[in-house]
2 protein chains.
Amino acid sequence: MILDERRHNILQTIETQGFVSLQSLVELVGASESTIRRDLEYLDRIGQIRRTRGGASFTGDSLTGFDERRGQATAEKQAVARVAAGLIQPGEAVLLDGGTTTLEVARQLVGRALHVVTNSLPIVNLLANQPEIELIQIGGYLFPKTGVALGPLAVSALSQIHVRRLFMSVGGITEQGLFNTNTLLVETERQMMLSAEEVVVVTDSSKLGHSALAHLCPLQKVHQLVVDQGITDEWRKILEDAGVKVLVAS
Amino acid sequence: MILDERRHNILQTIETQGFVSLQSLVELVGASESTIRRDLEYLDRIGQIRRTRGGASFTGDSLTGFDERRGQATAEKQAVARVAAGLIQPGEAVLLDGGTTTLEVARQLVGRALHVVTNSLPIVNLLANQPEIELIQIGGYLFPKTGVALGPLAVSALSQIHVRRLFMSVGGITEQGLFNTNTLLVETERQMMLSAEEVVVVTDSSKLGHSALAHLCPLQKVHQLVVDQGITDEWRKILEDAGVKVLVAS
DNA sequence: CACTTTCAATCAAAACCTGTCAAATATTTC
DNA sequence: GAAATATTTGACAGGTTTTGATTGAAAGTG
């Protein structure tokens, strides 16, 4: 098994199981302990997982994230979130997708008078009981681990609402457009795009050039994209040529 | 099982059960007493639980802020919840209304293979990530304080689903029927009743004879009612004459 | 007060991690 | 195509963390 394939395998296992021991990974992929250790170290460094003693755990926005993991929202993500939140006018209605970056955006909204619509359980928990915010929750099948409501019920609910701006996260961006990890999710996000006047993608630069399982839409459908400083001039040009307004957070 | 996973397990158990004895944790995770003690000490130090003699109880900044009333879950409510949960068959689809008693019912469902539909944020937080439970969340305008989704979006979502049993809470019960405190809530609950084959009301006896702002439905629409021992013979007769099957929890 | 249960402290054993190195494999260069 | 170079891999030594057992003290119980 080649390097890339193996790491992909490992990542997927961790994502689906939440926790995986080093030993079980050794058995699963048939490589030595040392190799798996190095893979885990790499995946940790790029922020996809978190190494723990004896194995690794998924670092995605696990809603039960119990320790300091939450503090792992990197400075980049926070910078992106600040810029994104700055786009919002007082009293506006915004739609927030699930994801760690949009969760940071939500954090920036506390105390502002807004209408917020979201299908993300972590965001709902964050904003519930904020007196200034009128919160509309999108229901549906609650996807485990990430706590995002998806599926027909979510799509149907979204079709009944209309907002000024959508803040969306993605799994990957290529010249072919946006991608995400899950077809149910993509379906729901398509309806989100239909319900918003303006589509704002929030992402970190590591997603640029990477694909993912499910194709969401071409670049042309995106109005604005907020990204950290890591973006290359090349990518900036690709995006702007497709009509996307690029905002770099610093 | 790796360290992180074990502590996560422990925390989740404590979070859903409220209190757990050290012995039961030893059995649950299959580690030694010493190890569990150390884990509890750690979780206590980071402020997620409080150690008590013989075990630990949950204190954490609970994901929400809705269940301050947890301690108030009286023995009567728990008894009612146990009886109510006993009605549910394996694999069934149930709809849970918001409310403290229904939250206790939800607590009884942990570990059972069920489809659960609910508009209550505290219940969603409780059951999210329970692997055996398929969770469908009803969205809508999120009512502050109680964390229940209401309004047109909720009604519309409910109209698209169908379940075997509805567990409903009420604000008051008189001979005229059921009452609740809020017209939006009543509207949503009416749709819930349409989506369920059987309507089960869970309540404590103090609600009997008391009215509330909004009339929900006549007694005849209720199939079963679970109540604590405080119910009088007189009330029992009134309910049974209206065709309600009364279950008294002891 | 006697008895039982729970707790904290200690310690050796086991599990795990880091860093290093040589062998194996892939990539580049000529 | 062969040699040179770079990367990846597996093994191992030495150090650190975690674990389970034990013991005496402390806290609850009748």
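Reminder, nothing fancy here: chain letters follow the sequence lines and each chain counts from 1.
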- For A/Ser21, which contact category applies under a 4.0 Å heavy-atom criterion: base, sugar-phosphate, or nothing? nothing
- Task: To the nearest Å, give me how far apart CZ (A/Arg6) and P (C/dA26) are.
- Result: 12 Å
- Item | Side-chain touch A/Arg236/A/Leu239, heavy atoms, less than 4.5 angstrom | no
- Integer-rounded Å distance: C/dT18 P and A/Leu40 CG: 10 Å
- Message: Could you tell me how far apart B/Asp4 (CG) and C/dC16 (P) are, to the nearest whole angstrom?
- Response: 14 Å
- Query: Is A/Arg6 close to A/Ile2 at the side-chain level, that is, under 4.5 Å between some pair of heavy atoms?
  - Reply: no
- State whether A/Thr35 places a side-chain N or O below 4.0 Å from either non-bridging phosphate oxygen (OP1 or OP2) of D/dG10. yes
- Query: Are any of A/Arg37's side-chain N or O atoms less than 4.0 Å away from OP1 or OP2 of D/dT9?
  - Reply: no
- For A/Glu5 and D/dT9, give me the distance from atom CD to atom P, rounded to whole Å. 12 Å
- Message: D/dG20, OP1 or OP2 - any side-chain N/O from B/Ser34 closer than 4.0 Å?
- Response: no
- To the nearest angstrom, how far is B/Arg38 atom CZ from D/dT22 atom P? 14 Å
- Query: Does B/Arg51 put a side-chain nitrogen or oxygen below 4.0 Å from OP1 or OP2 of C/dA8?
  - Reply: yes
- Message: Can you measure A/Tyr42 atom OH to C/dT18 atom C1' for me and round it to whole angstrom units?
- Response: 21 Å
- Message: Does any part of the side chain of B/Val116, heavy atoms only, come nearer than 4.5 Å to the side chain of B/Ile136, both counted from C-beta?
- Response: no
- Message: Within the 4.5 Å heavy-atom criterion, are A/Val110 and A/Leu127 side-chain neighbours or not?
- Response: yes
- With a distance cut-off below 6.0 Å to the six-membered ring centre and an angular limit of 45° from the axis, does B/Arg50 pair with B/Phe58 as a cation-pi contact? no
- Message: Expressed as a whole number of angstroms, how long is the span from A/Ile2:CD1 to C/dA24:C1'?
- Response: 17 Å
- Note on the structure: Looking only at C/dT18, D/dG10, D/dT19, the nucleotide nearest the B/Leu3 side chain is D/dT19
- Query: What's the CD-P distance between B/Glu33 and D/dT22, to the nearest Å?
  - Reply: 12 Å
